[in-house]
There are 2 protein chains.
Amino acid sequence: MLCNGPVSDKVRKRVEAAMARLDYRPNLAARRLRSQHTDTIGLIVSDIRNPFFTAVSRAVEDEAYRNGMRVILCNTDENPDKEAMYLRLMQEERVTGVIFAPTRQMVASIDPQALGFPVVMIDRVSADAATDAVVLDNRRAAAQLVGHLLQQGYRDIGGLFGNTSNTGMERHAGFSEALQQAGLAAPARFVAPSVEAAEQAVLQWLAEPARPQALLVSNGVLLLGAVRALKSAGLHWPQDVALVGFDNEVWTDLLGDGLTVVEQPVNEIGRTAMAMLLERLDEPERSQRIVVLQGKLVVRGSSLTL
Amino acid sequence: MLCNGPVSDKVRKRVEAAMARLDYRPNLAARRLRSQHTDTIGLIVSDIRNPFFTAVSRAVEDEAYRNGMRVILCNTDENPDKEAMYLRLMQEERVTGVIFAPTRQMVASIDPQALGFPVVMIDRVSADAATDAVVLDNRRAAAQLVGHLLQQGYRDIGGLFGNTSNTGMERHAGFSEALQQAGLAAPARFVAPSVEAAEQAVLQWLAEPARPQALLVSNGVLLLGAVRALKSAGLHWPQDVALVGFDNEVWTDLLGDGLTVVEQPVNEIGRTAMAMLLERLDEPERSQRIVVLQGKLVVRGSSLTL
DNA sequence: GTGAAAGCGCTAACAA
DNA sequence: TTGTTAGCGCTTTCAC
């Protein structure tokens with residue numbers, strides 16, 4: 001024990017001996033009750049199996065344990081009822097703070113004041129959110145992908161976005177703006193954030209006569225669905241359709257000549273979220289901050305010139 | 001509130017009104033301290049980013065929340081010191097029980113009696129473990145893969161295994177036995193359980209003059225390394241080398257004609273582990289049980305006849 | 001059916 | 001420097 005309070009060596013020895021003899025373990029529930037700090041944070045995401053959240057979670061946990069905190073992980077499946085339930089649980093746990101990737105419905109109604117603990121939103125925010133946040137520069141990232149496709153000569157570009165998160169909306173905005181600026185149409189479709197929904201949507205879209213030459217897909221989960229759709233339709237990229245997306249997952253450089261993606265700084269997102277939470281605890285009254293991180297365009301074969 | 005104790009409707013109304021008015025939230029720390037049950041389980045795995053553990057964790061959490069329990073997730077990075085640290089933390093939390101994927105060093109030294117809570121091991125066990133466990137039939141699964149390769153005409157088969165887990169040892173045993181029974185050599189290599197270590201090992205192995213015709217790789221993480229090695233060496237399967245492995249990850253059917261793998265029943269593993277823990281809490285004295293689940297051989301192009 | 005009181009295992013505050 | 005005490009917010013028990 002490194003704790004050097006005002007105790008003589010003799011007493012310390014005696015106490016430590018007793019601790020060892022009795023195999024003593026402090027009771028954290030009692031400590032939390034008495035000291036009124038739980039050293040526990042909540043991490044609420046839609047699904048830990050989404051590799052983006054897996055990676056962010058791991059970074060958050062590392063950072064949390066490094067700061068002597070524990071984390072309670074909650075999966076909401078993009079379900080606002082579950083979100084509300086878990087927020088309530090966090091109150092009952094008297095957590096120190098929460099890191100939260102909310103759905104679109106929830107994002108504006110989160111009130112840290114009412115909740116009783118600070119909240120840092122990750123991945124998803126909106127202008128009217130009342131909390132700190134760390135997000136990707138989604139508009140710019142989407143615009144970068146569009147810019148790259150334009151540069152490669154594509155003109156007929158479609159976008160596929162998730163319909164539950166603000167992130168999807170932001171990426172759609174960046175996508176639309178970039179195409180509008182180029183004087184082009186910006187056909188977009190919105191689907192539930194699942195591999196299956198994306199697969200079906202892409203399958204259908206590409207079977208239509210006016211199918212796009214290139215497809216921008218809004219996240220790693222949907223991108224997997226798109227890849228499955230192309231595979232099952234026997235289509236190849238970039239010949240039949242160019243494909244770009246978000247999230248540099250482990251398999252994106254393994255397929256053919258690789259998929260062009262925007263890589264999110266997942267570790268930095270997790271670390272920053274945790275750091276912001278700690279700063280907020282230090283200074284409860286500081287004004288709200290939103291940290292915007294830049295993605296990294298990783299160009300691979302799926303988007304090159306025909 | 002559905003709790004119907006011996007209270008009159010009048011009082012109940014009054015109390016519920018007060019709860020609503022004060023926005024009351026029970027303090028779980030206080031409840032745990034007084035009631036002496038935490039309704040919390042620990043889940044200790046090597047790394048949540050390993051998709052096998054991601055999937056199992058999600059299943060465990062769903063099952064836990066369904067039973068009114070919370071779960072504390074710990075990543076050990078296959079480091080015995082971290083394992084010990086987290087077990088100690090679990091004691092301080094007074095957890096109801098722990099689900100644990102231990103390293104080889106740790107597996108035999110876990111004593112639930114001394115720890116003070118029941119333990120269910122997942123993924124990894126040994127004969128001398130003193131706890132309940134749920135595992136894959138690793139020997140049989142490895143033997144199945146070998147059998148499949150033999151049937152496809154391969155004779156020169158190498159095996160790559162992780163060197164920190166008992167699982168790797170079991171799969172190696174099944175691999176060796178199956179090849180010995182066929183009167184063939186069973187060249188095997190052991191590496192740290194990381195993508196990079198596997199990539200390097202495979203790269204080196206395939207550069208040797210006596211390189212195998214087929215490679216069996218012991219888990220999804222190593223398999224990814226092997227795929228990267230083949231790709232960077234410009235080798236193709238099954239022509240240059242056949243490839244089979246464990247864990248049916250999302251990308252395994254996307255590469256070329258697909259990778260032949262044994263799929264683990266990840267959801268069932270998680271659910272079963274949780275169920276065994278609950279049963280053990282119900283009947284502390286029942287004898288130790290090990291549930292052995294069967295994998296499913298998924299044959300794809302990477303192992304077909306030349 | 002209801003209210004009062006004790007005490008879970010700690011920490012913080014105070015007295016010696 | 002050390003020992004004592006009160007009390008965190010619940011649940012359990014017991015008296016009414």
Side-chain angles (χ1 to χ4, degrees), chain A residues 1-42 65 67-70 72 85-98 114-118 281-282 284, chain B residues 1-42 65 67-70 72 85-98 114-118 281-282 284:
Chain A
M1 299 293 138
L2 277 145
C3 141
N4 42 356
V7 236
S8 63
D9 272 9
K10 210 186 66 184
V11 178
R12 153 161 297 139
K13 281 268 154 49
R14 201 149 54 83
V15 170
E16 284 177 351
M19 282 173 55
R21 187 162 38 80
L22 301 173
D23 208 25
Y24 171 77
R25 297 284 181 281
N27 181 319
L28 293 187
R31 175 176 292 175
R32 290 188 183 116
L33 176 59
R34 173 64 236 227
S35 69
Q36 304 286 55
H37 54 88
T38 56
D39 291 341
T40 297
I41 68 151
Y65 280 112
N67 285 282
M69 313 210 123
R70 286 198 11 258
I72 300 176
M85 188 199 87
Y86 282 125
L87 284 173
R88 198 184 172 101
L89 176 62
M90 295 305 105
Q91 294 185 295
E92 300 188 351
E93 292 281 358
R94 303 292 192 270
V95 292
T96 306
V98 160
L115 250 19
F117 46 74
L281 292 166
D282 235 36
Chain B
M1 299 292 140
L2 277 145
C3 142
N4 41 357
V7 234
S8 63
D9 271 9
K10 208 186 68 185
V11 177
R12 152 160 299 138
K13 280 269 155 48
R14 200 148 56 83
V15 171
E16 283 177 352
M19 283 173 55
R21 185 162 39 80
L22 301 171
D23 207 25
Y24 170 76
R25 296 284 181 281
N27 181 319
L28 292 186
R31 175 176 291 175
R32 289 189 183 116
L33 176 58
R34 174 64 237 227
S35 69
Q36 304 286 56
H37 55 87
T38 56
D39 290 342
T40 297
I41 69 151
Y65 280 111
N67 285 281
M69 312 212 122
R70 286 199 11 259
I72 300 176
M85 188 199 86
Y86 283 125
L87 284 173
R88 198 183 172 102
L89 176 63
M90 296 302 106
Q91 295 184 296
E92 301 189 350
E93 291 281 358
R94 303 291 192 272
V95 292
T96 307
V98 161
L115 250 19
F117 47 73
L281 292 166
D282 235 37

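We use all heavy atoms of the structure for the numbers below, so side chains are in, but hydrogens, waters and symmetry mates are not. Just so you know, these numbers come straight off a predicted model, no measurement behind them. Order of the sequence lines fixes the chain letters, A, B, ..., with proteins taken first and strands second; residue numbering starts at 1 for each chain.
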Quiz prompt | Beyond-backbone contact of B:Asp39 with B:Leu28, side-chain heavy atoms, under 4.5 angstrom | solution = no
Quiz item: B:Thr38 versus B:Thr96: any side-chain heavy-atom pair under 4.5 Å?
Solution: yes
Practice problem: Could you list the residues that satisfy salt bridge (Lys or Arg N to Asp or Glu O under 4.0 Å) with A:Asp23, not counting sequence neighbours? | Solution: A:Arg25
Quiz item: Given axes from five pairs at either end, by how many degrees does the helix from C:dG1-D:dC16 to C:dC14-D:dG3 bend, rounded to 10°?
Solution: 40°
Quiz item: Considering only heavy atoms from C-beta outward, does the side chain of A:Ile41 approach that of A:Val95 to under 4.5 Å?
Solution: no
Quiz item: Can you check the A:Met19 CE to C:dG9 P distance for me, whole Å?
Solution: 16 Å
Exercise. Would you mind building the protein contact string for nucleotides 9-14 of chain D? One character per nucleotide, 5' to 3', B for base within reach (heavy atoms under 4.0 Å), S for sugar-phosphate only, - for untouched.
Key: BBBS--
Quiz item: A:Arg70: what forms a salt bridge (Lys or Arg N to Asp or Glu O under 4.0 Å) with it, not counting sequence neighbours?
Solution: B:Glu93
Quiz item: In whole angstroms, how far is the C1' atom of C:dT11 from the CG atom of A:Asp39?
Solution: 14 Å
Self-check item: Reported CD-to-OH distance for the pair B:Gln91 and A:Tyr24, which is rounded to 0.5 angstrom
Solution: 12.5 Å
Quiz prompt | Student check: side-chain heavy atoms of B:Arg94 and A:Asn27 closer than 4.5 Å | solution = yes
Quiz item: With sequence neighbours excluded, what pairs up with A:Phe117 under the ring pair (Phe, Tyr, Trp, His ring centres under 6.0 Å) test?
Solution: none
Practice problem: Take the protein atom CZ of A:Arg32 and the nucleotide atom C1' of C:dA12, then report the distance between them rounded to whole Å. | Solution: 19 Å
